Amino acid sequence: MFELKPLSKESIPKALEKADRYRLLNEPAEAESICLDILAADPDNQRALVVMILAVSDQLDHEGFVVGEHQTNELFMRLHDDYERAYYTGVLCERRGKATRGRPIPESVAYEWFREAMSWYEKAETIRPPGNDDAILRWNTCARIVAHNRGLQPSHEERVEPYLE
C-alpha cells in the first residue's frame with residue numbers, strides 16, 4: 001500500500017480553493033481527496049468538513065472510483081455550528097432523493113428523502129444567521145419537486161396534500 005504524502009498547513013487555503021474548483025468542474029472525488037489531505041493536516045478545519053460533505057454528496061449519482069469511506073455522520077458531528085450541521089444534513093438528504101431518479105428504487109423512497117431534507121431545512125431555518133435564507137430556498141426547492149412530480153408520494157396509505165397548487 002502507498003503511504004500518503006502530508007500536506008503542509010501553509011498550503012491549506014490554496015488546497016481549499018482547489019477543492020471548491022474541482023467540485024465546480026464536476027470532479028467530486030478529487031475534491032474529496034483534497035479535503036482528506038486537509039483534514040489530515042488540520043482535523044478541525046470547518047471549511048474542509050463542509051466541502052468534504054458536499055463532495056461526498058456530489059458523488060451520490062456518479063459512477064467512479066472511491067477515494068474515501070464516506071462516513072458522513074462522523075463528518076456532521078465534527079461541525080461546530082448547529083446551523084451548518086442541520087443545513088448540510090438537509091443538502092445530503094435532498095441529494096439522496098435526487099440520486100434515486102432513474103434507478104430501480106420506489107419513488108416513495110425519494111419522497112421520504114425530500115421530506116427528511118425539508119425537516120432538516122426547517123431546523124436550520126430556526127437557527128439561521130441573520131440575512132441567511134439558504135435553508136428557506138432549499139426547502140422551497142424540495143417542496144416544488146414534490147409538488148410537480150406526482151409519483152413522489154409517501155409509501156403508506158395516508159396521502160398528503162401537495163405543498164403548492
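Remember, predicted model here, so these are calculated numbers, not experimental data. Reckoned from all heavy atoms, side chains included, excluding hydrogens, waters and symmetry mates.
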Asker: Just wondering, do Ile53 and Thr72 contact through their side chains at under 4.5 Å, heavy atoms?
Answerer: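 Of all side-chain heavy-atom pairs linking Ile53 with Thr72, none is under 4.5 Å.
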Asker: Could you tell me which non-hydrogen atom of Ala55 sits nearest to which non-hydrogen atom of Ala31, and how far apart they are?
Answerer: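 Heavy-atom minimum between the residues: CB-CB, 4.0 Å.
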Asker: Using 0.5 Å steps for rounding, measure from the CG atom of Asp42 to the OG atom of Ser8.
Answerer: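 OG of Ser8 is found 11.5 Å from CG of Asp42.
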Asker: Which atom names give the shortest non-hydrogen contact between Ser57 and Leu92, and what distance separates them?
Answerer: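 Closest pair (atom of Ser57, atom of Leu92, distance): CB-CD1, 3.5 Å.
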Asker: Quick one: does Tyr88's side chain have a donor or acceptor within less than 3.5 Å of a partner on Val51's backbone?
Answerer: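 Not at all, since once roles are kept as given, no pair shorter than 3.5 Å links the two residues.
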Asker: Taking Arg21 for the side chain and Lys18 for the main chain, is one N or O donor matched with an acceptor at less than 3.5 Å?
Answerer: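 Side chain of Arg21 to backbone of Lys18, a donor-acceptor pair under 3.5 Å: no, none is there.
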Asker: For Thr89 and Arg85, indicate whether the former's side chain and the latter's backbone hold a donor-acceptor pair under 3.5 Å.
Answerer: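 Present.
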Asker: Where do Thr100 and Glu107 land on the side chain to side chain contact (heavy atoms under 4.5 Å, CB included) test, with the steps shown first?
Answerer: CA-CA 8 Å; Thr100 64; Glu107 286 190 320; over 6 Å; no
Asker: Keeping Gln46 on the side-chain end and His80 on the backbone end, is there a donor-acceptor pair under 3.5 Å?
Answerer: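 Pair found, side chain donor or acceptor close to backbone of His80.
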Asker: Is it possible for you to say whether Val146 and Ile136 belong to one hydrophobic cluster, with membership spreading through side-chain heavy-atom contacts below 4.5 Å?
Answerer: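 Different clusters.
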Asker: For Asn45 and Arg47, indicate whether the former's side chain and the latter's backbone hold a donor-acceptor pair under 3.5 Å.
Answerer: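 Checked: pair present.
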Asker: If I compare all heavy atoms of Ala48 with all of Ile38, which pair ends up nearest, and what's the gap?
Answerer: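 Closest pair (atom of Ala48, atom of Ile38, distance): CB-CG2, 3.6 Å.
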Asker: Kindly indicate whether the side chain of Leu60, heavy atoms from C-beta on, has any atom under 4.5 Å from the side chain of Lys98.
Answerer: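 Leu60 vs Lys98: side chains apart.
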Asker: What distance separates Leu49 CG from Glu74 CD, expressed to the nearest 0.5 Å?
Answerer: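 Going from the CG atom of Leu49 to the CD atom of Glu74 covers 8.0 Å.
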Asker: Taking Lys5 first and then Asp37, would you say they form a salt bridge - that is, a charged N and a carboxylate O separated by under 4.0 Å?
Answerer: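 The answer is no: the pair does not qualify as a salt bridge.
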Asker: Any side-chain to backbone donor/acceptor pair from Arg138 onto Ala117? Under 3.5 Å, distance only.
Answerer: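 No.
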Asker: Counting distance only, does the side-chain N/O of Glu84 pair as donor-acceptor with the main-chain N or O of Asp82 below 3.5 Å?
Answerer: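 No, the answer is negative, given that no donor and acceptor are paired below the 3.5 Å cut-off.
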Asker: Between Arg78 and Leu39, is there a side-chain heavy-atom distance shorter than 4.5 Å?
Answerer: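 Yes - at least one pair of side-chain heavy atoms lies under 4.5 Å apart.
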Asker: Are Val109 and Phe114 in one and the same hydrophobic cluster, where Ile, Leu, Val, Met, Phe, Trp and Tyr link if side-chain heavy atoms are under 4.5 Å apart?
Answerer: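 Val109 does not cluster with Phe114.
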Asker: For Ala124, is there any backbone N or O sitting under 3.5 Å from a side-chain donor or acceptor partner on Tyr87?
Answerer: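 Pair absent, no side-chain N/O of Tyr87 close to backbone of Ala124.
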Asker: How far does CG of Leu36 sit from CE of Met52, to the nearest 0.5 angstrom?
Answerer: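 Those atoms lie 4.0 Å apart.
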Asker: I need the single residue from Trp120, Trp113, Tyr121 that forms a side-chain hydrogen bond (donor to acceptor under 3.5 Å, both in side chains) with Glu94. Which is it?
Answerer: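 One option only clears the test, and that one is Tyr121.
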Asker: Once you round to the nearest 0.5 Å, how far does CD of Glu125 lie from CE of Met118?
Answerer: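 If I round to the nearest 0.5 Å, the distance is 11.0 Å.
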Asker: In terms of side-chain geometry, is the basic nitrogen of Arg23 or Asp20 positioned less than 4.0 Å from the acidic oxygen of its partner?
Answerer: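 Judged by the 4.0 Å cut-off on N to carboxylate O distance, Arg23 and Asp20 do not form a salt bridge.
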Asker: Nearest 0.5 angstrom please: Asp58 CG to Tyr22 OH, how far?
Answerer: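 Atom-to-atom, Asp58:CG and Tyr22:OH are 15.0 Å apart.
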Asker: Less than 4.5 Å apart, side chain to side chain, heavy atoms only: is that true for Ser119 and Lys123?
Answerer: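 Counting from C-beta outward, Ser119 and Lys123 do come under 4.5 Å.
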Asker: Measure the CD-CG distance between Glu32 and Leu54 for me, rounded to the nearest 0.5 Å.
Answerer: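 Spacing of CD (Glu32) from CG (Leu54) equals 11.5 Å.
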